[in-house]
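The structure presented is a predicted model; accordingly, all values stated were derived computationally and were not measured.
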Amino acid sequence: MLQQARFTILLMTVLAVLTLLSACASKTAPEAEINPPAAATGVGTTDLSQQPDALGVGSQPVQSGPVADHEALAGLERVHFAYNQFTLEAPARVTLEQNAVFLRNNPALKVVIEGHCDERGSDEYNLALGERRAVAVKNYLVSLGIAADRLRVISYGEEMPLVAEANEEAWAKNRRAEFKAVR
């Protein structure tokens, strides 16, 4: 009888905790909206952005607006993304491999990876997508041997377009991750 009472109390406690956790969960866009399955093209893409918590990135706040202690950095090339995607395609991975060589040759350099989007989508959605892009880039660089503590991420969403036009060519240029040195 005592064991059954303990079991009942334990079961009720677990149910209460699960109810509280589900009530506190934040609502996010379904993954299919942010990263729909790619068509079978024969070209593999690696989505390393699924590991942000393992690298401690998820705890960093998403910021908006220019940051005074970041400056443009020659030697690191920006990478671009497909519409509504944060996966790294082959050309982006090649660019990031070259950026990793530069970072290895400059071991004291700390970098902010800025995630950017085109103007389509809500501000909140684009901030989240920009962060996922920056996190994907960071995770890939970490997988190439760059220390995670040298890399920070920030999302500007659609707030800092590279090209201020509203057409496919401009939008493609605005979907990017850029690198800035931390002073």
Side-chain angles (χ1 to χ4, degrees), residues 28-29 31-64 66-67 69-118 125-163 171-183:
T28 59
E31 185 63 27
E33 288 179 21
I34 295 171
N35 193 17
T41 61
V43 176
T45 58
T46 303
D47 184 2
L48 295 173
S49 59
Q50 299 301 314
Q51 310 166 10
D53 292 333
L55 297 175
V57 175
S59 62
Q60 293 182 0
V62 176
Q63 301 173 15
S64 182
V67 178
D69 65 343
H70 301 169
E71 60 186 58
L73 185 62
L76 293 176
E77 298 295 321
R78 72 176 58 103
V79 294
H80 293 275
F81 295 86
Y83 173 68
N84 217 26
Q85 298 290 308
F86 61 95
T87 55
L88 298 169
E89 295 179 353
R93 289 193 305 270
V94 169
T95 299
L96 292 175
E97 288 162 8
Q98 294 166 351
N99 287 353
V101 170
F102 180 85
L103 289 167
R104 275 189 224 106
N105 291 335
N106 296 278
L109 183 64
K110 292 190 177 194
V111 175
V112 173
I113 304 164
E114 300 177 344
H116 298 271
C117 299
D118 61 36
Y125 179 84
N126 284 336
L127 281 171
L129 181 58
E131 182 178 28
R132 286 183 171 158
R133 288 174 174 167
V135 168
V137 168
K138 176 180 178 174
N139 289 346
Y140 192 69
L141 288 171
V142 168
S143 78
L144 296 174
I146 306 304
D149 64 352
R150 294 178 57 199
L151 307 169
R152 293 191 339 215
V153 299
I154 188 170
S155 177
Y156 289 109
E158 64 190 66
E159 299 303 316
M160 298 177 65
L162 191 62
V163 179
W171 292 330
K173 291 177 182 176
N174 290 334
R175 296 187 303 262
R176 69 197 190 281
E178 291 188 345
F179 301 87
K180 300 286 171 60
V182 177
R183 291 189 219 159

Find the distance between [atom1] ([X]) and [atom2] ([Y]) and round it off to the nearest 0.5 Å.
{"X": "E77", "Y": "E178", "atom1": "CD", "atom2": "CD", "result": "10.5 Å"}
{"X": "H116", "Y": "I154", "atom1": "NE2", "atom2": "CD1", "result": "8.5 Å"}
{"X": "E114", "Y": "R152", "atom1": "CD", "atom2": "CZ", "result": "10.5 Å"}
{"X": "R132", "Y": "T87", "atom1": "CZ", "atom2": "OG1", "result": "12.5 Å"}
{"X": "D118", "Y": "N84", "atom1": "CG", "atom2": "CG", "result": "8.5 Å"}
{"X": "H80", "Y": "T95", "atom1": "NE2", "atom2": "OG1", "result": "8.5 Å"}

Can you name the closest pair of heavy atoms from A100 and I146 and give their distance? O-CD1, 3.6 Å
For residues G130 and C117, report the shortest heavy-atom separation together with the two atoms involved.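 Shortest heavy-atom contact: N-SG, 3.5 Å.
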Between R176 and N174, is there a donor-acceptor pair closer than 3.5 Å when you use the side chain of the first and the backbone of the second? yes
Is a side-chain N or O of R150 found less than 3.5 angstrom from the main chain of L103, in a donor-acceptor match? yes
Between V142 and K138, is a side-chain contact (heavy atoms from CB on, under 4.5 Å) present by the stated rule, with each step listed? CA-CA 6 Å; V142 168; K138 176 180 178 174; 4.3 Å; yes
Who passes side-chain contact (heavy atoms from CB on, under 4.5 Å) against A177, sequence neighbours left out? V79, F81, I113, V137
Of the options L151, L141, V112, which is the one that meets F179 in a side-chain contact (heavy atoms from CB on, under 4.5 Å)? L141
Just so I know, are the side chains of R133 and L129 near enough to count as touching, which here means a heavy-atom distance under 4.5 Å?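 R133 reaches L129 side chain to side chain.
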Any heavy-atom pair between the side chains of Q85 and R175 that's under 4.5 Å?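 Heavy-atom side-chain distance check fails, nothing below 4.5 Å.
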Among pairs that include at least one residue of residues 90-112, which meet ring pair (Phe, Tyr, Trp, His ring centres under 6.0 Å), considering only residues two or more places apart or in two chains? none
